Asks: 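Sharing a structure with you now.
These numbers come from a predicted model, not from an experiment. Sequence lines set the chain letters: A, B, ... in the order given, protein chains first and strands last, and positions in each chain run from 1.
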Amino acid sequence: MTTDTAPARRDLAKAYEFKEVEARWYQNWLDHKNFRATMEEGKPSFSIVIPPPNVTGVLHVGHALNNTMQDVLVRYRRMQGCNTLWVPGTDHAGIATQNVVERQIATEGKSRHDLGREKFIERVWQWREEKGGTIINQLKHLGCSCDWDRERFTMDEGLSRAVRTVFVRLYKEGLIYKGDYIVNWCPRCKTALADDEVEHEETAGKLYHIRYPYADGSGHVIVATTRPETMLGDTAVAVHPDDERYQHLREIGVRLPLTGRTIPVVFDHHVEREFGTGALKVTPSHDRNDYEIGLRHNLERLKVMDDSGIMNEAAGPYAGLDRFACRKKIVADLEEQGFLEKIEDYAHAVGQCYRCKTVVEPTTSLQWFVSVKPLAAKAVAAVRDGHIAIHPKTWHNTFYAWMDNIRDWCISRQIWWGHQIPAWTCDACGHFMVEEEAPAACPKCGAATLSQETDVLDTWFSSALWPFSTLGWPDRTRELKFFYPTSVLITSFDILFFWVARMMMMGLHIMGEPPFKDVYLHALVRDKHGKKMSKSTGNVIDPLVVMAEYGTDALRFTLTAFAAQGREIKLAEERIEGYRHFINKIWNAARFALMHIKECGPAIARNIDPAALPLSHRWILHRLNQTTIEVTRALDDYRFNDAASAIYQFVWSEFCDWYLEWVKPDLYGNDAAAKASAQAVLLAVLEDVLKLLHPITPFVTEEIWHALPGARTSIMVEPFPTENPVWHDPAAEEEAALFMGVVGAIRNIRSEAQAHPSAEITAMVVCPDNAKGAIFEKLASAIKTLTRTKELTITPSGQRPKGAASNIFQDLEIVVPLAGLIDVEKELAKLAKEQARVEGELKRIQGKLTNEKFVANAPAEVVAKEKEKEAELTATLTKLKESAERLEELR
RNA sequence: GGGUGAAUAGCUCAGCCGGGAGAGCAUCGGCCUUACAAGCCGAGGGUCACAGGUUCGAUCCCUGUUUCACCCACCA
């Protein structure tokens, strides 16, 4: 941190030029290393690791939300004096990045196979050098105060070492194994996918019913399938063990149509007797369930497709056809040869690759797996025992349910871009070894030629280590000591299982401590109709465009204000425009303040005894204090929207609409003492407002901060406001409510009477209560200013003059003579309506109070409150009736 | 098939421990009042999805229903 001087102070421009301001300040923060983490003993630590965006990524509004929230917290804690670290970085995003570079070289008419593995990977690195910084720059644009000197990439040497270290350890512990199992295969990406990388989409398909003749020709059984091409790989038909219909097939078997191959009939409990004919074709190599059945009955596995989804030699005459072309051909042939019973429309879920949406083909394949059950148990225990808290809590059950049913994690991918699996086989003797570094020679036979596994690891494997690998693990660094476990992880709920759960498992197992204490799962940003934003629908709100149009602070405030805990945030551009008005409001309030406080020194109001000050100042300081408390509590609880709305209300409705108008007479007047207090309080409130706002709207607050009198360092390093008990003043709040009630009543009369704002009026406040009367005496001049009233009388009892309008506020009657402007009938109607409302409410309350059970059971304070209300309403009602009577006389 | 969330003003949403609802935008009326027309002042607008239950009292808690959204799942 630094105390260097900032850009020269000057008067604030008439309009807030955010573009110039944002660029200037961000550079200034970088120049002064304001984002760099401190590691001072004795100070609390606060750390966040960024959910690393894909290196291929472009900032979308979801990133903007996610990173705004992180930056709000980071700036808040930094101002509170924590050792604060926000680790930025990007993810190498295996398949996604490989796809991008493949497309790039495709324009040169080449495929990655033309280049070869080594050259191709060089190209990917080259691509990363040139284009990989895009999203990082966009995060800077958003104002993110990450410690950029600690930026990491999941393929960095350090992180790669962490990956190898963890892999070897898990392998040696028996938690990583290699085996031939059925996996999800993407024929386009030509790689295996983990279960959660497959998206199931409800699709309108067909259900084909096919006759499989008995092997002895005595009849046939009908099986149904949505994927008829897989019949070429059928190695059995399964029926339920207790299904009498098919017992005789035990010895006979059936013949596969088209190929004539004879296959056995097996009896398995998996089969539902009620579904279709109760007979199921079994393709162990291309269906997960069939694979299981195959295992149970020791069935042959017959793969009929290659890794591109093209039918192979095993498909006989169909070899060389794409699987979907083959489906058509098979159906046509079945039809022609009389094997097709019927075709039904059938809606079912089809698995797709989450990266490219290609229909996934289940296939048996030799892959690496993590045995996750023991790891998952630790994660579940950590959440259950409160070592990790997920916010909002509603996710706990979902989390447990998923973790309890978790299956082994397929971590090998048949692509080139990623962490190559650290396992080697000796070419000479076949010795197999898993090591952190490439062995120079075979430890068994001494041969120097070893072949490394060609597969790379699932990208999520390295991201699972992110919270400690970015802090320097496996070395024992100071960063780890200060910042692990990290304080909170902020991410979107859609990667709870991809990423969050896996970080928990790895952190707990490898480090022995959770990777973070809190997880805050925020909503997904949708369009204003709740639809997913997508380029094809054209409903995308591009944060970069929006920032250019409305300013970064406007976007940040909008996202913060909309960040209520929930499932989705419906965002429309009008909202951002609305909050730009708020930024503008702050700007103008500051301009106004600066006109009057130029000659002031830095605020000293914290040292002023507010008891000696007039109500206006006591009130605003009290409200500021309350707002500080609320903002602090809200941010501590991740209630971002509450923090935003508390400060919005305070700034606009209280500070601007009331306070500034209220103190104008002091500021413009000749009373030097009154002016001095007004200046001091005004500056103090403005300073705290800027600090409270800074985590959400860093740019505009910094710019205004430096225009304030006195030498200023960055507002980033100012202490965040804290509760000030000296400012606490509930009595001021009550008195201010009376004041505002009377002002409101007079304004209402003016407006209803359509009196021109410049028309001067006189008013009378009939106030039977002497104590209140004394309060109003002191406020008379302020009431007059705020209502443009020439003359104001406060009297314990008064007679309403002819042609006067009146309003009732509590036990007060506010009378404004407006000769000729009064519509008596309208006034009476208004009074009648108000009377009805008050009577209704009174009736309800009296009903309650006469209800013995209520009085007996309700808490004493509630009963007291109701009694108070009753008295107040009774007084109001009396006033209303009197007012109406007098008005009647005018008819 | 299982699970989760949502239903509150015309729109988008707040509403912590149950004491009879708030904001922004939009609408209507009046204002270029020397910080701000990206503004100021005033006003209107809600059977808190529906039906029961618990309670002195329910937008809030419980049960059921309807509608919508999402997640998980091996009925071919």
Asks: Could you pull out all residues at least two apart from A:Val61 that satisfy side-chain contact (heavy atoms from CB on, under 4.5 Å)?
Replies: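 In terms of side-chain contact (heavy atoms from CB on, under 4.5 Å), with neighbours along the sequence ignored, A:Val61 is linked to A:Val525, A:Met533, A:Pro543, A:Leu559, A:Leu571.
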Asks: Would you indicate which nucleotide in B:A23, B:A43, B:G5 comes nearest to any side-chain atom of A:Thr394?
Replies: B:G5
Asks: What residue among A:Thr701, A:Ile647, A:Ile704 forms side chain to side chain contact (heavy atoms under 4.5 Å, CB included) with A:Ile586?
Replies: A:Ile704
Asks: What integer number of Å spans the P atoms of B:A23 and B:G18?
Replies: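 Nearest-Å result for B:A23 against B:G18 at atom P: 24 Å.
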Asks: Quick one: A:Glu654 CD to B:A23 C1', roughly how many Å, whole number?
Replies: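 Taking CD of A:Glu654 and C1' of B:A23, I get 13 Å after rounding.
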Asks: May I ask you to say what A:Arg844 touches in the nucleic acid, namely base, sugar-phosphate or nothing, with a heavy-atom cut-off under 4.0 Å?
Replies: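 A:Arg844: base contact, heavy atoms under 4.0 Å.
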Asks: How many Å lie between CZ on A:Arg639 and C1' on B:A23, as a whole number?
Replies: 16 Å
Asks: Could you give the distance separating B:U66 and B:A51 at their C1' atoms, to the nearest angstrom?
Replies: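 So the two C1' atoms sit 11 Å from each other.
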Asks: If the sugar-phosphate is the primed atoms plus P, OP1 and OP2 and the base is the rest, what is the B/S/- string for nucleotides 30-41 of chain B, using protein heavy atoms under 4.0 Å?
Replies: -S-S-BB-BSSS
Asks: Does A:Tyr212 have any ring-ring contact (aromatic ring centres under 6.0 Å, His included) partners at least two apart in sequence or in another chain, and if so, which?
Replies: none
Asks: State whether A:Lys848 and A:Glu866 are salt-bridged, where the test is any N-O pair (Lys NZ or Arg NE/NH1/NH2 against Asp/Glu carboxylate O) under 4.0 Å.
Replies: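 A salt bridge is present here (some side-chain N lies under 4.0 Å from a carboxylate O).
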Asks: For A:Glu872, check side-chain contact (heavy atoms from CB on, under 4.5 Å) against everything at least two apart and list the hits.
Replies: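 Partners of A:Glu872 under the side-chain contact (heavy atoms from CB on, under 4.5 Å) test: A:Gln810.
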Asks: Over how many whole Å does the gap from A:Arg575 atom CZ to B:A23 atom P extend?
Replies: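 The answer, rounded to whole Å, is 16 Å.
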Asks: Could you tell me how far apart A:Glu577 (CD) and B:A26 (C1') are, to the nearest whole angstrom?
Replies: 13 Å
Asks: Send over the distance from A:Asp494 CG to B:C70 P, rounded to a whole Å.
Replies: 13 Å
Asks: Provide the distance between the two C1' atoms, one in B:A26 and one in B:C13, to the nearest whole Å.
Replies: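 Approximately 14 Å lies between the C1' atom of B:A26 and that of B:C13.
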Asks: If I pick the P atom on B:G45 and the same atom on B:A9, what distance separates them, to the nearest angstrom?
Replies: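 The answer is 15 Å between these two P atoms.
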Asks: I'd like to check the side chain to side chain donor-acceptor pair (under 3.5 Å) partners of A:Arg211; sequence neighbours left out, ordered by chain and number.
Replies: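 By the side chain to side chain donor-acceptor pair (under 3.5 Å) rule, A:Arg211 matches A:Glu341.
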Asks: What protein N or O atoms touch nucleotides 72-76 of chain B N or O atoms at under 3.5 angstrom, if any, and at what distances?
Replies:
| unit_1 | atom_1 | unit_2 | atom_2 | d |
| --- | --- | --- | --- | --- |
| B:C74 | O4' | A:Asn289 | OD1 | 3.4 |
| B:C74 | O4' | A:Asn289 | ND2 | 3.3 |
| B:C74 | O2' | A:Asn289 | ND2 | 2.5 |
| B:C74 | N1 | A:Asn289 | OD1 | 3.0 |
| B:C74 | O2 | A:Asn289 | OD1 | 3.1 |
| B:A76 | OP2 | A:Tyr346 | OH | 2.4 |
| B:A76 | O2' | A:Ala224 | O | 2.4 |
| B:A76 | N6 | A:Glu272 | O | 2.8 |
| B:A76 | N6 | A:Phe275 | O | 3.0 |
| B:A76 | N1 | A:Glu272 | N | 3.3 |

Asks: Applying ring-ring contact (aromatic ring centres under 6.0 Å, His included), name anything that partners A:Phe650, two or more places apart in sequence or on another chain.
Replies: none
Asks: Taking atom P of B:C11 as reference, at what distance in whole Å does atom CD of A:Glu573 sit?
Replies: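 Those two atoms, CD and P, are 21 Å apart.
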Asks: Any Lys/Arg nitrogen of A:Asp234 or A:Lys281 sitting under 4.0 Å from an Asp/Glu carboxylate oxygen of the other?
Replies: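 Yes.
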Asks: Pick the C1' atom in B:G10 and in B:G44, then give their distance to the nearest Å.
Replies: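 After rounding to an integer number of Å, I get 12 Å for this pair.
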Asks: Please work out whether B:C17 sits syn or anti, treating a glycosidic angle within 90° of 0 as syn.
Replies: syn
Asks: Got a sec, which residues hit side-chain contact (heavy atoms from CB on, under 4.5 Å) with A:Asn184, two or more places apart in sequence or on another chain?
Replies: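 Here the qualifying residues are A:Leu193, A:Asp195, A:Val198, A:Arg288, A:Val360.
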Asks: Taking only residues two or more places apart in sequence, or in another chain, which ones meet A:Tyr291 in a ring-ring contact (aromatic ring centres under 6.0 Å, His included)?
Replies: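 By the ring-ring contact (aromatic ring centres under 6.0 Å, His included) rule, A:Tyr291 matches no residue at all.
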Asks: By nearest nucleotide on RNA chain B, pick out whichever of A:Gly744 and A:Tyr648 is the more 5' one.
Replies: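 Its nearest nucleotide being more 5', the pick is A:Tyr648.
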Asks: So what does A:Asn851 hit on the nucleic acid, given a heavy-atom distance under 4.0 Å: a base, only sugar-phosphate, or nothing?
Replies: sugar-phosphate
Asks: If you measure from the P atom in B:U67 to the same atom in B:C74, how many Å do you get, rounded?
Replies: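 Result for the P pair: 27 Å, nearest Å.
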Asks: Please name all residues satisfying salt bridge (Lys or Arg N to Asp or Glu O under 4.0 Å) with A:Glu344, sequence neighbours left out, ordered by chain then number.
Replies: A:Lys342
Asks: How close or far is atom P of B:G15 from atom CD of A:Glu630, stated in whole angstroms?
Replies: 12 Å
Asks: Kindly write out the residues that satisfy salt bridge (Lys or Arg N to Asp or Glu O under 4.0 Å) with A:Arg844, not counting sequence neighbours, or none if the list is empty.
Replies: none
Asks: Applying a 3.5 angstrom cut-off to the pairing atoms, does RNA chain B sit in any stems of at least three consecutive Watson-Crick or G-U pairs? List them by first number.
Replies: B:1-7 with B:66-72, B:10-13 with B:22-25, B:27-31 with B:39-43, B:49-53 with B:61-65
Asks: Give the rounded distance in Å between these two atoms: OH of A:Tyr579 and P of B:G24.
Replies: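 Checked: the OH to P distance equals 9 Å.
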